[in-house]
Amino acid sequence: MNYTQILNEIYQEIKPYSNVGEPASYIPELQKVNPDSYGICLRTIRGAEYVMGDSDERFSIQSISKVFSLAMGFCLEGETLWKRIGVEPSGSAFNSVIQLEIEKGIPRNPLINAGALVVADILLSHLEHPEEEYLQFVRQLCGGNKQIKYNESMAVSEREHGYLNAAIANMLKYHSNIQNDIERVLRFYFRQCSLGMSCRELAQAFIPFSNHTQPFKFDKITLTASQVKRINAIMQTCGFYDEAGEFSYRVGLPGKSGVGGGIAAICPRKYSVAVWSPRLNKKGNSVMGMKALELLTTKTEVSIF
Ligand code: GLU
């Protein structure tokens with residue numbers, strides 16, 4: 001497959017969308033990025049990399065971080081995780097509080113904010129140094145890359161404006177689905193979201209999810225092939241807020257987006273791909289990112305379907 005040519009063609013075809021959408025504004029720090037950035041990295045399971053544009057620029061991965069915390073939480077907690085969180089698409093916004101109230105504090109899935117806050121609570125209960133161990137795990141997914149760091153000003157900026165996430169955390173606590181102190185859970189959660197990674201780094205970090213018949217083993221964090229398969233299934237059905245169906249329809253790959261404008265996706269046993277463009281559509285997904293991945297699976301004629 002000539003991925004270099006395909007990535008070039010994609011770029012030419014998505015250029016008309018370069019002014020569509022706006023970067024997220026509810027986290028002030030996110031507004032500091034150049035809205036016209038665009039980067040992509042496709043990495044095959046054999047380690048070949050194909051890049052274009054700002055593929056080495058780090059950006060705030062935001063909700064993509066929920067895949068890494070889920071991997072840790074699933075390893076540490078096992079099946080009992082699913083007593084506290086569901087595996088159904090939410091069909092509502094990533095930060096919806098209404099659904100959580102109706103469903104009595106059990107989040108629909110681990111990739112919406114409510115679910116990720118419960119996962120954060122689980123990590124806090126299991127780990128002695130949660131922030132360090134989370135960072136260590138992500139670095140290991142990237143071959144021990146120590147350049148990957150939290151962006152403290154991003155985390156602080158989000159906490160200062162994080163009223164809705166605080167409301168969700170309170171609702172969870174009210175329903176006894178958070179065991180630790182709420183402020184502590186929020187602090188961990190905002191930090192994990194603030195992590196800065198480039199498309200190249202994200203593509204590398206997602207290879208173990210793509211190549212899931214190989215052992216998933218990173219120090220303490222090990223998952224069986226079946227557990228990785230299930231995480232991929234959750235990405236497929238729940239990875240794009242209330243646009244998961246649309247992404248599945250248009251792209252046909254499991255993946256996860258973040259309000260920083262990044263999307264990471266996998267083509268099982270073939271490649272992982274990360275794309276970044278900060279302008280978002282109304283549902284919070286990167287406009288150019290979604291279009292790029294739609295063109296990728298159309299041009300390669302390969303998706304999970
Ligand atoms: N930190 C963001 C929030 O909690 C993440 C949202 C996202 O990327 O979907 O609102």
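Position 1 is the first residue of the sequence; numbering continues from there. When reading the values below, keep in mind they use all heavy atoms of this one structure, side chains included, and skip hydrogens, waters and symmetry mates. Read the numbers this way: they start at 1 and go in the same order the structure lists the ligands and their atoms.
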Name of the residue among Arg58, Arg139, Gln147 meeting side-chain hydrogen bond (donor to acceptor under 3.5 Å, both in side chains) with Glu201: Arg58
Protein residues near ligand 1, heavy-atom distance below 4.0 Å? Tyr26, Gln62, Ser63, Phe94, Asn113, Glu158, Asn165, Tyr189, Cys193, Tyr241, Gly258, Val259
May I ask you to check whether over 12 heavy atoms, not counting those of Glu9, lie within 6.0 Å of atom CD? yes
Tyr271 ring center within less than 6.0 Å of Phe206 ring center: no
Lys/Arg-Asp/Glu bridge criterion (N-O < 4.0 Å) met for Arg159, Glu152: no
So, are Lys283 and Glu246 salt-bridged, with charged N and O less than 4.0 Å apart? no
Whether the Thr80 and Lys83 side chains hold a donor-acceptor pair (N or O, under 3.5 Å, no angle test) is what I'd like checked. no
